[in-house]
Participant: 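After the structure tokens below, expect a handful of questions from me.
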Number of protein chains: 2
Amino acid sequence: MAVTIRDVARASGVHVSTVSRTFSAAHLVNAQTRTRVLAAADELGYRPNRAARALSTRRTGNLGLIVADIANPFFPPLIKAAQSQARARDYHVFVADTDEQARVEEELVRSMAKQVDGALLVAPRLSNRLIAELGRDVPFVLVNRRVSGLPGVLMDVAAGARQAVEHLAGLGHREVAVLTGPRASWTSQEMVRAAEACAGEHGVRLHRIGPNPPTEEGGAASADEVVSSGVSAVLAYNDMVAVGLIQQVERLGLTVPADLSVVGVDNTHAARYFRPALTTVDMPVAAAGRGAIDLLLQAVTTGESPGTVSLDTRLVVRDSTARR
Amino acid sequence: MAVTIRDVARASGVHVSTVSRTFSAAHLVNAQTRTRVLAAADELGYRPNRAARALSTRRTGNLGLIVADIANPFFPPLIKAAQSQARARDYHVFVADTDEQARVEEELVRSMAKQVDGALLVAPRLSNRLIAELGRDVPFVLVNRRVSGLPGVLMDVAAGARQAVEHLAGLGHREVAVLTGPRASWTSQEMVRAAEACAGEHGVRLHRIGPNPPTEEGGAASADEVVSSGVSAVLAYNDMVAVGLIQQVERLGLTVPADLSVVGVDNTHAARYFRPALTTVDMPVAAAGRGAIDLLLQAVTTGESPGTVSLDTRLVVRDSTARR
DNA sequence: CATCTTCGTGCAAACGTTTGCAGTACGGGT
DNA sequence: ACCCGTACTGCAAACGTTTGCACGAAGATG
């Protein structure tokens with residue numbers, strides 16, 4: 001039925017091993033034979049069978065990519081970049097979605113472990129301990145999570161948070177709330193840590209409100225607390241939270257940015273077309289996706305764990321923040 | 001290294017074939033042996049090797065899912081639904097992104113063909129002829145595209161478009177523009193066809209403007225033409241186009257919906273939080289994803305092509321449309 | 001000219017499953 | 001007592017590759 005290496009061998013008058021080598025180690029075969037084999041392969045429409053190859057080499061050519069929620073606009077550009085980077089290296093990517101649940105995440109990792117050469121864990125919700133444990137089964141690269149001994153790509157959200165707080169301080173805000181994200185989110189922890197340190201330096205009092213689900217609903221739900229806390233500015237865990245918050249406080253009769261300044265994080269597409277357009281921390285999502293794939297493939301092929309790389313973030317000022 | 005069927009066989013004192021059968025055809029093995037084997041497997045942490053299985057059965061257990069652009073908010077909920085449906089049936093899903101380019105799409109299908117048991121083509125940009133041709137290599141299910149002989153899931157956007165036109169007609173609009181999408185988009189064709197028929201019935205004149213890229217930029221770019229055409233209402237190819245259009249016409253000094261009513265399509269997340277909140281046609285995206293996977297697995301396992309199913313759409317009225 | 005490399009190729013044994021076939025044991029029907 | 005069917009299990013040949021090893025033919029070296 002399907003055309004195999006054997007058909008190609010027959011058609012070009014060489015042994016199957018030679019055909020195999022023309023595809024997997026071209027330099028080992030004579031240039032003339034190679035072109036002959038390639039011609040025959042092309043003619044017959046031969047495509048190597050990855051399953052068979054996987055069986056021999058113990059490499060599947062597949063990578064896993066686990067995210068909390070594909071529908072969260074933070075992830076698609078990252079997935080897209082990772083995907084195309086992997087494809088360029090002739091790897092396929094399984095994308096899986098954990099619905100923000102640590103249990104599902106663990107289950108996914110376990111079930112993927114044996115069928116991929118490595119996996120990307122993006123903003124995982126698992127405990128460090130469990131991540132380290134699972135990391136013994138499959139090569140991992142973490143995105144936005146730091147676990148000692150495991151390679152990772154971090155977006156330096158701390159720098160962005162500092163810029164945000166300075167920006168707000170510069171606008172005269174002295175009482176600022178930070179809406180934290182999921183408890184297990186490294187990004188959230190970093191953000192809060194940096195914001196607190198920076199607030200101290202600028203004479204700003206920081207109110208911590210959270211944890212909040214990383215969604216519009218999460219933002220909306222904390223509107224009351226924000227209002228009653230008397231702050232004049234908010235740094236939200238992400239753009240969706242910011243949007244949810246803004247909508248709700250406007251329903252309560254406030255205006256953004258006149259009555260309340262709001263800063264988001266992620267610089268998702270939505271931040272640009274929401275009204276007021278969101279001041280937000282830009283995250284280098286595509287670069288992170290590409291970089292993570294590079295690290296992962298390095299780990300997979302060399303067997304040793306590459307280090308951790310950190311990418312810059314920066315504040316993008318738009319219309320949701322104003323002088324107090 | 002990894003624990004294989006052979007280890008389990010040894011540990012439980014049976015032949016490998018019996019172990020194999022315990023996992024792939026449990027009814028063929030004695031209940032006692034089965035529990036013994038399962039115990040051993042569990043103890044050793046055995047997981048069947050899918051590549052090896054694929055080699056024997058000629059089934060990979062993988063499905064392909066090809067979309068035009070993961071970052072287009074229309075797709076993630078569909079991907080998510082398809083993904084989880086497939087996972088529940090013990091299939092894995094490769095997601096790939098064509099960047100809206102037919103050539104890339106063709107290449108992707110070809111390269112996936114031999115490594116998946118079937119593929120979902122969502123809103124493909126390829127020609128019918130090519131789709132039919134590629135369909136001979138792999139079982140396909142199409143979403144939002146009708147190609148005779150191939151199974152598909154269609155969202156009845158025509159019905160939604162009719163409702164939209166009736167809605168606008170009811171608000172007193174007599175000159176309406178329709179911003180068409182990519183030339184190869186079945187959705188766009190359906191939408192225009194239905195809108196035209198319906199416009200005729202309600203004494204509305206329909207101006208066709210396009211094709212437009214299915215993005216905000218696409219919408220923004222057609223703002224001039226919309227304004228100069230003198231229409232009082234617009235039906236846009238999708239929500240992103242609608243948003244882009246609205247932003248641009250507001251830059252030109254108009255107000256939506258006071259000066260121009262705009263209807264989107266897709267009912268993406270953004271439609272809800274954009275200001276003005278978008279009147280739009282709701283698409284049953286998750287249901288389509290699940291349904292498409294079901295059809296695909298049916299095609300894969302029975303070998304015969306299931307039919308085409310059509311899902312309802314409906315107009316959701318929000319704040320971007322008003323009486324003329 | 002003998003010896004040593006290098007290069008290109010073939011041979012055959014893996015890789016971990018599945019599955020058609022054959023064999024055994026047992027219980028029931030005649 | 002015999003035969004047959006059923007239920008289970010083992011045997012071994014696939015599935016399509018890769019890869020260590022061996023071998024022969026040149027070419028290089030002394």
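Letters A, B, ... mirror the listed sequences (proteins, then strands); counts begin at 1. Both backbone and side-chain heavy atoms feed into the values below; hydrogens, waters and symmetry mates do not.
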Participant: Between B:Lys80 and A:Asp99, does at least one N-O distance fall below 4.0 Å, as a salt bridge requires?
Facilitator: yes
Participant: Provide, to the nearest angstrom, the distance between the CZ atom belonging to A:Arg50 and the C1' atom belonging to C:dT17.
Facilitator: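 Those two atoms, CZ and C1', are 20 Å apart.
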Participant: Any side-chain N or O of B:Arg58 less than 4.0 Å from the OP1 or OP2 oxygen of D:dG16?
Facilitator: yes
Participant: So, is B:Arg53 near the phosphate of C:dT18, with a side-chain N or O under 4.0 Å from OP1 or OP2?
Facilitator: yes
Participant: What is the distance, to the nearest angstrom, from the CZ atom on A:Arg59 to the C1' atom on D:dT19?
Facilitator: 14 Å
Participant: Any chance you could measure B:Asp90, atom CG, to B:Arg50, atom CZ, to the nearest 0.5 Å?
Facilitator: 5.0 Å
Participant: Report yes if the side chains of B:Ser188 and B:Trp186 come closer than 4.5 Å at any heavy-atom pair, otherwise no.
Facilitator: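 No; the side chains remain at least 4.5 Å from each other.
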Participant: Using the ring of each side chain (for Trp, its six-membered ring), is B:Tyr46 parallel, tilted or perpendicular to B:Phe23, with breaks at 30° and 60°?
Facilitator: tilted
Participant: Is A:Pro182 close to A:Pro214 at the side-chain level, that is, under 4.5 Å between some pair of heavy atoms?
Facilitator: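 Of all side-chain heavy-atom pairs linking A:Pro182 with A:Pro214, at least one is under 4.5 Å.
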Participant: Please report, rounded to the nearest Å, how far the C1' atom of C:dG16 is from the CG atom of B:Asn49.
Facilitator: 6 Å
Participant: Heavy-atom contacts under 4.0 Å between residues 11-36 of chain A and DNA chain D, which residues?
Facilitator: A:Ser17, A:Ser20, A:Arg21, A:Ser24
Participant: Can you check the B:Arg6 CZ to D:dC11 P distance for me, whole Å?
Facilitator: 12 Å
Participant: I'd like to check the side chain to side chain contact (heavy atoms under 4.5 Å, CB included) partners of A:Ala113; sequence neighbours left out, ordered by chain and number.
Facilitator: A:Asp137, A:Val138
Participant: Starting at atom CD1 of B:Ile5, determine the distance to atom C1' of D:dT9, rounded to an integer number of angstrom.
Facilitator: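 From B:Ile5 CD1 to D:dT9 C1': 14 Å.
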Participant: Rounding to an integer number of Å, can you tell me how far B:Leu55 CG sits from C:dT18 P?
Facilitator: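 Roughly 11 Å, once rounded to whole Å.
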Participant: Among the nucleotides C:dT19, C:dT17, D:dG16, which one has an atom lying closest to any side-chain atom of B:Ala52?
Facilitator: C:dT17
